[in-house]
Amino acid sequence: MGQIQELGQIIILNGVPRSGKSSIVAVIQETFNGVWMNLGVDRFIQMTPARYLPGIGLRPGGERQDIELLVPILYSAMYESIAAHSRLGLNVVVDIGHHDAYAMGRGILVDSARRLNGLPVLFVGVRCPIEIIMERRQNPAWNVGNAADSPMPRPVQLWQCEVHMPGIYDLEVDTSLLSPGACAEVIRQHLTDSPAPSAFQRLAAHYT
């Protein structure tokens, strides 16, 4: 008889842009056991045709209603890919900035949870004070921001509120207090210690 394929672990890092998610991803890929595939937002933006950008990176506030109908489809494709990797035994780490502050509610987070139902998922909130986020946006070393990003763009404020809704995460880390390595170690320890159902599984249960 064939050997049963063990499911790959999925870690979803949810936070606003410049909160430090990608630095944590790099540590996880470098130091965690096994193969860890990065299927985060930047990878999918790179695949998206220019006329539909920023695709799944669309900021809150209903700024691009012309592409908004496409965004849930792109998210669905992304999460189906994540699920396929896990079912093949590959671990997946995802850095994303989920929000539902579109021109109308799209329910993308809950639909994404449904697509990962039955798979091992750890849902991590990545916190960083908005003042530090703004400093990073203005810092040329981060290669982001422009003259329009001042002093506190409304989409940045909306994103901060939407991402940090209480009670939706398995755990949270704060990159203003912990280094990327220390954040990764908190995540590693949680994977070792906690057999409880994931917050993503609870979202999926509410959806079905």
Side-chain angles (χ1 to χ4, degrees), residues 4-17 19-22 24-25 28 32-34 36-41 43-44 56-58 60 71-102 104-128 158-175 177-178 182-208:
I4 297 175
Q5 178 68 62
E6 183 177 352
L7 297 172
Q9 176 68 52
I10 301 167
I11 298 174
I12 299 172
L13 305 175
N14 194 45
V16 302
S19 58
K21 303 183 301 295
S22 60
I24 300 173
V25 169
I28 289 173
F32 280 25
N33 291 333
W36 286 87
M37 305 298 291
N38 178 2
L39 298 183
V41 59
R43 300 295 189 269
F44 281 82
I56 63 171
L58 186 62
V71 173
I73 300 171
L74 294 175
Y75 265 108
S76 297
M78 175 183 182
Y79 273 88
E80 290 292 339
S81 178
I82 292 168
H85 279 71
S86 173
R87 292 188 182 107
L88 289 170
L90 293 170
N91 303 309
V92 181
V93 59
V94 181
D95 57 311
I96 195 69
H98 277 294
H99 66 82
D100 201 30
Y102 300 99
M104 62 177 291
R106 301 290 177 182
I108 290 172
L109 179 60
V110 176
D111 180 70
S112 300
R114 181 184 65 81
R115 294 177 189 281
L116 300 188
N117 197 19
L119 301 174
V121 183
L122 182 66
F123 195 30
V124 181
V126 179
R127 285 187 171 273
C128 186
L158 281 173
W159 227 329
Q160 195 81 351
C161 294
E162 288 282 327
V163 162
H164 297 305
M165 292 183 294
I168 66 170
Y169 296 113
D170 297 306
L171 77 156
E172 296 185 74
V173 294
D174 189 328
T175 60
L177 303 175
L178 298 174
C183 291
E185 188 55 38
V186 171
I187 293 168
R188 188 202 307 269
Q189 196 61 48
H190 188 92
L191 288 173
T192 302
D193 295 344
S194 181
S198 165
F200 240 52
Q201 291 175 324
R202 295 193 295 273
L203 281 169
H206 284 298
Y207 185 91
T208 55

Enquirer: For a ring pair (Phe, Tyr, Trp, His ring centres under 6.0 Å) check, start with the C-alpha distance between His98 and Tyr79, then their side-chain angles and the critical distance, and finish with the verdict.
Expert: CA-CA 12 Å; His98 277 294; Tyr79 273 88; 5.7 Å; yes
Enquirer: Are Leu13 and Ile187 side-chain neighbours, meaning at least one heavy-atom pair lies under 4.5 Å?
Expert: yes
Enquirer: Under 4.5 Å between any side-chain heavy atoms of Val163 and Val126, yes or no?
Expert: no
Enquirer: Are the side chain of Asp170 and the backbone N or O of Val124 linked by a donor-acceptor pair below 3.5 Å?
Expert: no
Enquirer: Can you tell me how far apart NE2 (His164) and OH (Tyr169) are? Round to the nearest 0.5 Å.
Expert: 6.5 Å
Enquirer: Set out, in order, the CA-CA distance, both residues' side-chain angles and the distance that settles side chain to side chain contact (heavy atoms under 4.5 Å, CB included) for Leu122 and Phe200, then state yes or no.
Expert: CA-CA 7 Å; Leu122 182 66; Phe200 240 52; over 6 Å; no
Enquirer: Do side-chain atoms of Ser76 reach the backbone of Pro72 as a donor and acceptor pair under 3.5 angstrom?
Expert: yes
Enquirer: Can any side-chain N or O of His99 pair as donor or acceptor with the backbone N or O of Val16 at less than 3.5 Å?
Expert: no
Enquirer: Taking the side chain from Thr192 and the backbone from Arg188, do they hold a donor-acceptor pair closer than 3.5 Å?
Expert: yes
Enquirer: Does Val93 offer a backbone N or O that forms a donor-acceptor pair with the side chain of Gln9 under 3.5 Å?
Expert: no
Enquirer: With no hydrogens and no angle check, is any side-chain donor or acceptor of Glu172 less than 3.5 Å from a backbone partner on Gly125?
Expert: no
Enquirer: Work out which heavy atom in Gly107 is nearest to a heavy atom in Asp100; give both atom names and the distance.
Expert: N-OD1, 3.3 Å
Enquirer: Working note: Ile28 + Asn91, criterion side chain to side chain contact (heavy atoms under 4.5 Å, CB included); need CA distance, chi angles, decisive distance, verdict.
Expert: CA-CA 10 Å; Ile28 289 173; Asn91 303 309; over 6 Å; no
Enquirer: Nearest 0.5 Å, please: how far is CG in Asn33 from CG in Leu191?
Expert: 11.5 Å
Enquirer: Closest approach of Gly97 and Tyr75, non-hydrogen atoms and distance?
Expert: O-OH, 4.4 Å
Enquirer: Looking only at heavy atoms, what is the nearest atom pair of Trp36 and Val92, with distance?
Expert: CZ3-O, 3.6 Å
Enquirer: Compare every heavy atom of Pro60 with every heavy atom of Leu158, then report the nearest pair and how far apart it is.
Expert: CB-CB, 3.7 Å
Enquirer: After noting the C-alpha distance and the side-chain angles of Thr175 and Ile24, does the key distance pass the side chain to side chain contact (heavy atoms under 4.5 Å, CB included) rule?
Expert: CA-CA 9 Å; Thr175 60; Ile24 300 173; 4.1 Å; yes
